[in-house]
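First the structure, in the form of structure tokens, and then the observations on it.
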Amino acid sequence: MSFQALPGFRDFYPEEMALRRHVEAAWHAAAKAAGFEEVEGPPLESLELLKAKSGEAIVEELYAFTDKGGREVALRAELTPTVGRMIAARAAALRKPVKWYATPQLFRYQRQQRGRLREHIQWNVDIFGASEIGSDAELLAVALDALRRLGLTEKEVKVRVSHRGVMAERVRTRFGADAVESTLRLIDKGELTPAQAAELLVAFDVAAIPELDGLYAACEDLGVEGFLEFDPRIVRGLAYYTGLVWEIFDRGEKLRAVAGGGRYDMLIERLGGPQMPALGFGMGDVVLTELLRDTGKLPPGPPKIDVLVVPIGEEMLAPARQVVRRLRLAGERAEAPYSPMKVGKAFQLAESSGARRVVLVGPDEWRLGKVKVKDLRSREESVREVDKL
RNA sequence: GUGGGUGUAGCUCAGCUGGUUAGAGCACCAGAUUGUGGAUCUGGGGGUCGCGGGUUCAAAUCCCGUCACUCACCCCA
């Protein structure tokens, strides 16, 4: 009998885990640099809450079940309902604007395909209680800052931006209120007929939408206007977006969207809170990691240790442990093999561990309270007092 | 849930139209006069050929089923 991870779920071996931490580090750094605070919620939520935000149809795509207490529950497929619930509960007490971020693991019961598994880690960033255009620009700038920290520039990625509210209004005046949802969906999927597209998109540009104009200006202040690309096809699939919407893509458009976000001013009210403007985005680790791979931006594997301590002979195992202890107390990453190791082998191990120094603990030096230290780069070797490592 | 493609060693793959004990590279382990460098050389471990059934004297190879992976649809994070 052999076992493997469930379909669409991942094992993180050291290499993958290091990459994941690399990405997460950029997320945390970008969020904190812009004054966002980290939050987290439960991975399991009531089915009602998830339905309240996304509608009945979402149930088919959730890991949903009845718990032993008879509650209808589901693994979260997005963080927004949870954050909305948290905001709604303390809306009055929170100083606005509220700037929160989180890096939850999300689940969705869907057949997997490239860039889309049944589980992923998503960077979720939200601003509540701000309706000024500066908040839209800052949100976008934070997303791009994380990508910049990962080595992605205007050469690799772009932001396609539009305004769902304006598009909806335009559809309504041309085709009637009943056609809004279905038409926006067609726009999102790029399935409009040429005639429809011409009807909707003619003479439709940045200048026609004041918010877009303002967004461009504010993004210029923040140094990210070069990423922007107006694209009226971007309306986001989710019906709750009300204002500016955007998606980040790789320049070649080989992959799915790296991130997507926008303004959803009605959300908090829908979740039982007060009327409060809101905007946010999500950035998943799966597509982002693929993009880093495709563009050669994967970081080199981080060194495992700083110092390898080599016991020469069985009787040096204990002294080596003591040396390791000293080094660790001094803040160095150090380890020693559990059994004596040939020196040649030890140097090979040191190289592959990324160690910068090797400390040889041999009987001759140890008797004098000393050890031999070799710097792997300079190849310089010296005998030192154990106290002065 | 629907359709296409693919499953051979930890990884990347070879294995012609069926034919003896299934191979390579990388990785891993061990040696190359027992205290010094990612090289080289030698040797080694590791595979029920995804799984189950069928056809055949004979199946990694052909057929069916199943599972997994993958691409697309659906839908979206």
Side-chain angles (χ1 to χ4, degrees), chain A residues 1-11 13-16 50 53-63 75-82 102-125 185 188-189 191 235-241 247-248 254-262 280-288 290 301 303 308 310-314 316 340-366 371-383:
Chain A
M1 196 66 199
S2 69
F3 297 98
Q4 59 180 313
L6 288 170
F9 286 78
R10 297 171 289 175
D11 292 324
Y13 284 85
E15 194 176 312
E16 288 98 41
L50 304 183
K53 189 250 174 188
S54 304
E56 199 73 36
I58 190 80
V59 179
E60 292 302 312
E61 293 158 17
L62 293 174
Y63 273 92
L75 289 171
R76 61 189 175 190
E78 53 183 337
L79 193 68
T80 306
T82 298
T103 56
Q105 185 173 31
L106 306 179
F107 306 88
R108 183 148 263 187
Y109 197 83
Q110 286 267 262
R111 178 162 293 189
Q112 63 171 319
Q113 50 188 288
R114 182 166 196 205
R116 206 168 154 204
L117 308 173
R118 288 182 164 179
E119 152 272 317
H120 73 146
I121 315 285
Q122 188 196 63
W123 183 34
N124 194 272
V125 182
R185 179 156 301 179
D188 183 46
K189 291 160 70 173
E191 289 177 1
V235 293
R236 305 288 288 152
L238 296 172
Y240 61 80
Y241 285 97
E247 296 181 353
I248 300 180
K254 296 286 181 195
L255 303 172
R256 294 169 175 280
V258 174
F281 72 84
M283 181 184 292
D285 72 311
V286 179
V287 175
L288 178 54
E290 283 174 1
L308 182 69
V310 184
I312 298 172
E314 196 80 28
M316 288 298 107
M341 182 174 271
K342 290 186 177 178
V343 176
K345 189 64 66 183
F347 272 89
Q348 288 179 15
L349 179 63
E351 293 281 4
S352 61
S353 304
R356 304 176 69 162
R357 287 185 296 154
V358 168
V359 173
L360 295 174
V361 183
D364 299 343
E365 295 89 347
W366 188 253
V371 292
K372 202 177 272 188
V373 180
K374 182 157 184 178
D375 185 298
L376 288 175
R377 285 190 187 167
S378 64
R379 295 182 176 246
E380 282 169 14
E381 193 170 277
S382 60
V383 175

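Note that the structure is predicted; figures quoted are calculated from it, not measured. Here is how names work: the chains are called A, B, and so on, in the same order as the sequence lines, proteins then strands, and each is numbered from 1. Below, all heavy atoms of this structure are taken into account, side chains as well, without hydrogens, waters or symmetry copies.
- As rounded to the nearest Å, B/rG65 and B/rG7 have C1' atoms that lie 15 Å from one another.
- Distance from the side chain of A/Q348 is smallest for B/rG38 among the nucleotides B/rC76, B/rG38, B/rG35.
- Comparing B/rC76, B/rG35, B/rC69 by their closest approach to the side chain of A/R108 singles out B/rC76.
- At a cut-off of 3.5 angstrom, counting only N and O atoms as typed in the model, there is no donor on one side facing an acceptor on the other between the side-chain of A/R111 and the base of B/rC71.
- Sequence order on RNA chain B of the closest nucleotides to A/Q122 and A/S353 puts A/S353 first from the 5' end.
- Between the C1' atoms of B/rC51 and B/rC69, the separation comes to 14 Å (whole Å).
- Using a 4.0 Å heavy-atom criterion, one finds that A/L106 contacts no nucleic acid atom at all.
- Along RNA chain B, the nucleotide nearest A/L6 and the nucleotide nearest A/H120 are compared for position; the residue whose nucleotide lies closer to the 5' end is A/L6.
- Both tests do not hold together for A/R118 against A/F107: distance to the six-membered ring centre under 6.0 Å, angle to the ring axis within 45°.
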Check the pair A/V373, A/R357 against side-chain contact (heavy atoms from CB on, under 4.5 Å), reporting the backbone distance first and the verdict last. CA-CA 7 Å; A/V373 180; A/R357 287 185 296 154; 4.1 Å; yes
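- Between the side chain of A/E365 and the base of B/rG35, at least one donor-acceptor pair of N or O atoms lies under 3.5 Å.
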Dot-bracket notation for RNA chain B, counting Watson-Crick and G-U pairs under 3.5 Å, with | for partners on another strand: (((((((..((((.....[...)))).(((((.......))))).....(((((..]....))))))))))))....
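- The distance from the CD1 atom of A/I248 to the CE atom of A/M283 is 4.5 Å, given to the nearest 0.5 Å.
- Ranking B/rU36, B/rG35, B/rA68 by closeness to the A/F347 side chain, first place goes to B/rU36.
- Taking atom CG of A/L117 as the reference point, atom C1' of B/rC76 lies 14 Å away to the nearest angstrom.
- Nucleotides B/rG45 and B/rC29 have their C1' atoms positioned 7 Å apart, rounded to a whole Å.
- Across the protein-nucleic acid pair, A/L50 atom CG and B/rC75 atom P stand 20 Å apart, rounded to whole Å.
- B/rC76 atom C1' lies 15 Å from atom CG of A/N124, rounded to whole Å.
- At a threshold of 4.0 angstrom between heavy atoms, the contacts of A/D375 include nucleobase atoms, whether or not backbone atoms are also involved.
- Considering every non-hydrogen atom in both A/A77 and A/L62, the closest pair reads CB-CD2, 3.5 Å.
- When atom types are taken as modelled, the side chain of A/R76 and the backbone of A/Q105 share a donor-acceptor pair closer than 3.5 angstrom.
- A/L79 comes within 4.0 angstrom of no nucleic acid atom, judged by non-hydrogen atoms across all strands.
- Between B/rA24 and B/rG15, the two C1' atoms lie 11 Å apart (nearest whole Å).
- Taking the P atoms as reference points, B/rC73 lies 29 Å from B/rC11, given to the whole Å.
- Distance CZ (A/R118) to C1' (B/rC76): 14 Å, rounded to an integer number of Å.
- Nucleic acid contact class of A/G8 (heavy atoms, under 4.0 Å, all strands): sugar-phosphate only.
- Proximity of A/K342 to the phosphate of B/rA32: a side-chain N or O atom is located under 4.0 Å from OP1 or OP2.
- For the pair A/L62 CG and B/rG1 P, the computed distance is 16 Å after rounding to whole Å.
- Closest approach of A/S378 and A/D375 over heavy atoms only: N-OD1, 3.0 Å.
- Distance A/D11 CG to B/rA68 C1': 14 Å, rounded to the nearest Å.
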Can A/E365 and A/V371 be said to form a side-chain contact (heavy atoms from CB on, under 4.5 Å), step by step? CA-CA 5 Å; A/E365 295 89 347; A/V371 292; 5.5 Å; no
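- Nucleotides B/rG10 and B/rC49 place their P atoms 13 Å apart, quoted to the nearest Å.
- When rounded to the nearest whole Å, the span between CD of A/E61 and P of B/rC73 equals 15 Å.
- For the OP1/OP2 pair of B/rA72 and a distance below 4.0 Å, the side-chain nitrogens and oxygens of A/Q113 include at least one atom meeting the criterion.
- Nearest heavy-atom pair, A/P340 versus A/G313, reported as atom, atom and distance to 0.1 Å: CG-C, 3.7 Å.
- As rounded to the nearest Å, B/rG47 and B/rU8 have P atoms that lie 15 Å from one another.
- For B/rU70, its base never sits under 3.5 Å from the side chain of A/Q112 at any donor and acceptor pair.
- Separating the P atom of B/rA60 from that of B/rG50 is a span of 10 Å, rounded to the nearest Å.
- To the nearest 0.5 Å, atom CD of residue A/E16 and atom CZ of residue A/R10 are 9.5 Å apart.
- Shown here for A/L308 and A/A346, the closest heavy-atom pair between the two residues is CD2-O, 3.3 Å.
- Rounded to whole angstrom, the span from the CD atom of A/E314 across to the P atom of B/rG35 amounts to 14 Å.
- Across all strands, A/P311 comes closer than 4.0 Å to no nucleic acid atom at all (heavy-atom distances).
- Not one side-chain nitrogen or oxygen of A/K345 sits closer than 4.0 Å to the OP1 or OP2 atom of B/rG35.
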